[in-house]
Novice: 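Submitted below is the structure of interest, expressed as structure tokens.
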Number of protein chains: 6
Amino acid sequence: MSNDRYTQGWNKLVEVDGEAGQRVIDSLASIAPDLGKYIIEFAFGDIYSRDTLTLQQRELITISSLITQGDCAAQLTVHLNASLNVGITPTEIVETIIHCSPYIGFPRVLNAMNIAKDVFAQRGIEQL
Amino acid sequence: MSNDRYTQGWNKLVEVDGEAGQRVIDSLASIAPDLGKYIIEFAFGDIYSRDTLTLQQRELITISSLITQGDCAAQLTVHLNASLNVGITPTEIVETIIHCSPYIGFPRVLNAMNIAKDVFAQRGIEQL
Amino acid sequence: MSNDRYTQGWNKLVEVDGEAGQRVIDSLASIAPDLGKYIIEFAFGDIYSRDTLTLQQRELITISSLITQGDCAAQLTVHLNASLNVGITPTEIVETIIHCSPYIGFPRVLNAMNIAKDVFAQRGIEQL
Amino acid sequence: MSNDRYTQGWNKLVEVDGEAGQRVIDSLASIAPDLGKYIIEFAFGDIYSRDTLTLQQRELITISSLITQGDCAAQLTVHLNASLNVGITPTEIVETIIHCSPYIGFPRVLNAMNIAKDVFAQRGIEQL
Amino acid sequence: MSNDRYTQGWNKLVEVDGEAGQRVIDSLASIAPDLGKYIIEFAFGDIYSRDTLTLQQRELITISSLITQGDCAAQLTVHLNASLNVGITPTEIVETIIHCSPYIGFPRVLNAMNIAKDVFAQRGIEQL
Amino acid sequence: MSNDRYTQGWNKLVEVDGEAGQRVIDSLASIAPDLGKYIIEFAFGDIYSRDTLTLQQRELITISSLITQGDCAAQLTVHLNASLNVGITPTEIVETIIHCSPYIGFPRVLNAMNIAKDVFAQRGIEQL
């Protein structure tokens, strides 16, 4: 049911993205609350709630996709935080970004590394 | 040394991509052998030979990046095979593609699923 | 309810995409039936079933997005047919593609025009 | 004639984009005035001056293309304003952005919605 | 004048793209002749006819852009031929494609190299 | 040898990118020094050190690729400076950006022109 998808999605969003995810939904309240609802229901209620892959694997996939897509600084900030939330280490995040180099080239990789640097600084992660 | 990077890279390429990877290098011999050399040395000798992430994690990242980038049917075919080679299951591949839906939309996801279907058929994988 | 979303989505898919849309869903049955379900429920049950925009406006938006994205020949074929299904004229389709020229350049526009040419030929549309 | 294309294009630019469009042209005066001339002559004198589609339809197509393309915040700001100038309602703009979700994913859609929020705020549009 | 732009553009198109360019224009005659007109007038009459850069430099820029953009196999085929037409050597074309590797990654580079291989074969260029 | 590639790459980086390139490498020291090493060794030690194309040609290719890719403001700033460093004139840079218009459309071209404007201002280039 739609209600269950929303509840399940919201719990998953809070588990994965934490406050940053809630702020995205809040920011939509005044302009497009339905978009926030779809993100909760479809992205988190349907997709993130599926089996087969762990949340760590799902975040690896997510950040690889965002790094590649480009122009996703805000979303990459949310999901680098999410990656740390679900137990991916800072070193693994850095390694994931480096791994993309032969596939997308250095410009997108450098952009992502700068965002990771900011996220780590905001969380007080100094020593990798 | 460059020599070591080439040898290490070649071994890693064979381990990960198998014959399909060798065919990519062979196809470059008559036009741009140096490009084949860089793929072996940099992509496989430098990057795939690093620690921190498993080959399974590296292939998850690779296929997520290729799915997102678009116009990578040949490379996605190689790396879906590589994913199977390093022990990712067909079900995990399908799940990885599905997971990208909220981030890149259905068109790129459908393209990737069609390629996965072809790869599975070529390898005689019928039942997921 | 999920059930209602599926039924509403299926009816909308049939109305808009016709047999071509059903073939997309059918092609997923053996590999990723859940992906077909999400396309029906989310894309058609949630999004296409909303008010505010007509189906003609929705198809204009869809084809503009697909033309711009690139590497969407299969999806563009489906949605050029869908555009005709909901009453957009061949001349309006051609005009939509031309309109994209200053925003995305001629290569993507030429690719889209070639696909439109094929779609028109398949439907026996000869004279614009 | 070139002269007529320029005049017709300038009038169309002013009609559609208003002051924001003129500022784009002005910003090019010191570095690439010919680029401003081409935008006026080709984009507005040739393309926007064609028949078959209304200006409202043309702006729907334009913003869908810009949302999809990514890294077009400045141009999307101009054309969300242009959309309002030619009579598209704020609710229709929001709906257009939401409609793109299944085709391009939530990241580009969220970026566009944030820009729409800024445009609406700048024009004093508070209640959708 | 519009007439002069067309004539100048047509001559430039024939000079640069040769028969392949004319075939692109011909292919548009039955569906969107105005698009062919804009390509001749704007791309070739306005842009390619400008000073400051040689035709060789213009083709280097063009193929770099097409390689990067992806999903441009048909246009890249035309412009690799055009590059040879204006005096860029096969070795310089191969080098241009290789040069893009650190900026866009190997997948787009491999796609472009395969297209170059076909173009060289079609023109009987065997030994680089 | 790896050592030679690093030294050759560093010298080439300094020659081409100047202080701006060194700042990119420095910015990676605390988070991903290996990424800086790969940029030096692969991009500059391997690729930029090759023959066949001049540094001016290489920078034309590089900026065309970055303009097309989008979301590369930082890298485009570095390489517009690099273009000037290796002897490309401001007028040629402006012309290169204009040349991309028919291939990628005006939005990416306008973004690039704005960045060029900033680079020229920072270097005190006022009169083209």
Side-chain angles (χ1 to χ4, degrees), chain A residues 5 9-10 12-13 16-17 20-48 58-59 61-83 104-105 107-108 110-112 114-115, chain D residues 24 59-85 87-128:
Chain A
R5 291 170 69 236
W10 178 257
K12 192 60 78 176
L13 173 86
V16 175
D17 285 357
Q22 298 175 53
R23 272 195 298 272
V24 171
I25 304 302
D26 288 348
S27 76
L28 295 169
S30 66
I31 187 167
D34 285 358
L35 178 59
K37 183 170 155 290
Y38 294 139
I39 292 173
I40 292 168
E41 290 178 350
F42 176 55
F44 289 92
D46 286 343
I47 301 295
Y48 272 87
R58 290 186 184 278
E59 283 302 328
I61 296 164
T62 300
I63 60 178
S64 307
S65 177
L66 294 173
I67 292 169
T68 302
Q69 193 170 161
D71 194 29
C72 290
Q75 292 79 27
L76 197 49
T77 299
V78 169
H79 282 282
L80 290 178
N81 275 294
S83 296
I104 58 172
R108 293 246 181 287
L110 285 167
N111 285 347
N114 282 332
I115 295 168
Chain D
V24 171
E59 284 302 327
L60 274 195
I61 296 165
T62 299
I63 61 178
S64 305
S65 178
L66 294 172
I67 292 168
T68 301
Q69 194 169 161
D71 194 30
C72 289
Q75 293 80 28
L76 197 49
T77 299
V78 169
H79 282 282
L80 290 178
N81 276 292
S83 297
L84 296 166
N85 294 344
I88 299 178
T89 67
T91 307
E92 286 169 329
I93 287 175
V94 167
E95 191 65 30
T96 298
I97 301 173
I98 290 176
H99 182 82
C100 291
S101 304
Y103 296 105
I104 59 173
F106 293 123
R108 294 246 180 287
V109 163
L110 284 167
N111 286 347
M113 201 63 86
N114 283 331
I115 295 169
K117 211 172 161 180
D118 288 345
V119 168
F120 294 169
Q122 282 160 4
R123 291 173 80 120
I125 299 168
E126 285 171 22
Q127 196 70 23
L128 290 196

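The model shown is predicted, which means the values in this text are computed figures rather than measured ones.
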Novice: Verify whether one side chain among D:Glu59 and D:Asn85 offers a donor that lies under 3.5 Å from an acceptor in the other.
Specialist: no
Novice: Quick one: what part of A:Val78 sits under 4.5 Å from any heavy atom of chain D, side chain, backbone, both or neither?
Specialist: neither
Novice: Contact between A:Tyr38 and D:Ser101 at the side-chain level, heavy atoms closer than 4.5 Å - yes or no?
Specialist: no
Novice: What is the distance from atom CD of A:Glu41 to atom CG of A:Asp34, rounded to the nearest 0.5 Å?
Specialist: 9.0 Å
Novice: Could you check if a side-chain atom of A:Phe42 sits within less than 4.5 angstrom of a side-chain atom of A:Arg5, using non-hydrogen atoms only?
Specialist: yes
Novice: If we define contacts as heavy-atom pairs under 4.5 Å, which of D:Met113, D:Glu95, D:Arg108 has the most with chain A?
Specialist: D:Arg108
Novice: Pick one of side chain, backbone, both or neither for D:Ile93, based on which atoms fall under 4.5 Å of a heavy atom in chain A.
Specialist: neither
Novice: In terms of heavy-atom proximity below 4.5 Å to chain D, should A:Leu66 be classed as side chain, backbone, both, or neither?
Specialist: side chain
Novice: Would you mind checking which part of D:Ala73 comes under 4.5 Å of any heavy atom in chain A, side chain (CB onward), backbone (N, CA, C, O), both or neither?
Specialist: neither
Novice: Got D:Thr96 and D:Ser64 here, is their nearest side-chain heavy-atom distance under 4.5 Å?
Specialist: yes
Novice: With chain A as the partner, which of D:Cys72, D:Pro107, D:Pro90 has the greatest number of non-hydrogen pairs under 4.5 Å?
Specialist: D:Pro107
Novice: I'd like to know which of D:Leu110, D:Asn114, D:Val109, D:Ile98 tops the heavy-atom pair count under 4.5 Å against chain A.
Specialist: D:Leu110
Novice: Would the distance check show the side chain of A:Ser65 and the main-chain N or O of A:Ile61 forming a donor-acceptor pair, the cut-off being under 3.5 Å?
Specialist: no
